[in-house]
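Excluded from the calculations below are hydrogen atoms, water molecules and symmetry mates; all remaining heavy atoms, backbone and side chain alike, are included.
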Amino acid sequence: MKRSVLETLARDGARAWVRALDCGNGEERLIDPFTDDTPLGLAARRAAIADISAEAEAEGRTWFLEVHNPPLELAVIGAVHIAQPLAAMARLANYRVHVIDPRTAFATEARFPGVTLHSDWPDEFFAARPPSSRTALVVLAHDPKIDDPALEAGLHSPAFYIGALGSKRTHATRLERLAARGFGPDLLARIRGPAGLPIGARSPAEIALSILAQMTQTLRG
Amino acid sequence: MSEELQTAATWLKAGHKVALGTVIRTWGSAPRRAGSQIAVREDGAFLGSVSGGCVETAVIRAALDSIADGQSRDLEFGVSDAQAWEVGLACGGRIRVRVEAVTA
């Protein structure tokens, strides 16, 4: 790898790149997969969208397409107890974690080491940082004033995962409120609620594990 | 941007020499998928993996050779490999690893 390629990837890693490596002569090209419309660029785009590095044929040559997608992001709404293990586990799984809670007593550095804390209201936060297709969004606040605007922002975005904690009844009421705000059944079906795979989780850490497992299933499944 | 490449970039900036090992192809049951990388420093420090630990030692050795001579190398590992007793894959799969120095 050329040093300049590595430095570009390190400096500008917030966007997608594909490194194409000629398996025969070792030639290397750094491709912006969303602007390059050459046959090799289009193959790189398919690889980036699938998030799968693989060999591909282009220009009569065999290339290894090495995908470097932007980091996965997790936005946790509500700096509640479950948010602590969820943030820690998601960091281990290579997510950049943001915890959003306007109630500043909850969102403290001591409770969330290594996590970016935001005391904005969720609608302000997401207006400034719209979720992308690499974003998972999990609402945990148990307060419709905080949770609902976050869910609305998620439903207006390509976020790959939208999860909401709460009992089946809480979730049904939540869906009714969002339906009254004009969201149809197809959109509302994007919300996983109650969030998490059914593994019989009890403790906050186990519930966090079930949510991270469901995020992974949605991303990779 | 993976943690491995981020670390490789940090090592370079600090004046170290670095090589990368990348899984470029897998056959059958392989422990890490194509694109998985290991970053290796000239003093043998490394981060990441290309298998479940079965062939890392051989890849690190090749990475140090690449740092020394600037040449890239393609390595293949599988159970039927001649080196199987030393560095074969227990899972029965086969992988090809590209080892390359980071060069100016």
Side chain, backbone, both or neither of [X] within contact of chain A (heavy atoms, under 4.5 Å):
X        : result
B:Leu20  : side chain
B:Ala101 : backbone
B:Val23  : backbone
B:Ala9   : both

*A:Phe64 and B:Ala34: which non-hydrogen atoms are nearest, and at how many Å?*
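Scanning both residues, the minimum pair turns out to be CE1-CB, 4.1 Å.
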*Where do B:Leu5 and A:Leu6 come nearest, in terms of heavy atoms and distance?*
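Answer, listing the atom of B:Leu5 first, then A:Leu6: O-CD1, 3.6 Å.
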*Is chain B contacted by the side chain of A:Leu65, its backbone, both, or neither, given a heavy-atom distance below 4.5 Å?*
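For A:Leu65, neither part sits under 4.5 Å from chain B.
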*Residues in residues 110-126 of chain A near chain B [non-hydrogen atoms, under 4.5 Å]*: none
*Can you name the residues that form a salt bridge (Lys or Arg N to Asp or Glu O under 4.0 Å) with A:Asp148, not counting sequence neighbours?*
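Listed in chain order: A:Arg177.
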*Any salt bridge (Lys or Arg N to Asp or Glu O under 4.0 Å) pairs touching residues 191-213 of chain A, not counting sequence neighbours?*
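Salt bridge (Lys or Arg N to Asp or Glu O under 4.0 Å) check on residues 191-213 of chain A returns no pairs.
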Geometric donor-acceptor pairs, no angle filter, chain A-chain B, under 3.5 Å:
unit_1	atom_1	unit_2	atom_2	d
A:Met1	N	B:Glu100	OE1	2.8
A:Met1	N	B:Ala101	O	3.2
A:Met1	O	B:Thr103	N	3.0
A:Arg3	N	B:Thr103	O	2.7
A:Arg3	NH2	B:Leu12	O	3.4
A:Arg19	NH1	B:Glu100	OE1	3.2
A:Arg19	NH1	B:Glu100	OE2	3.1
A:Arg19	NH2	B:Glu100	OE2	2.5
A:Asp51	O	B:Arg33	NH2	3.3
A:Glu55	OE1	B:Arg25	NE	3.4
A:Glu66	OE1	B:Gln37	NE2	3.1
A:Glu66	OE2	B:Gln37	NE2	3.2
A:Asn69	O	B:Met1	N	3.1

*Should the heavy atoms of other residues, nucleotides or ligands under 6.0 Å from CD of A:Glu109 be counted, would the total exceed 12?*
no
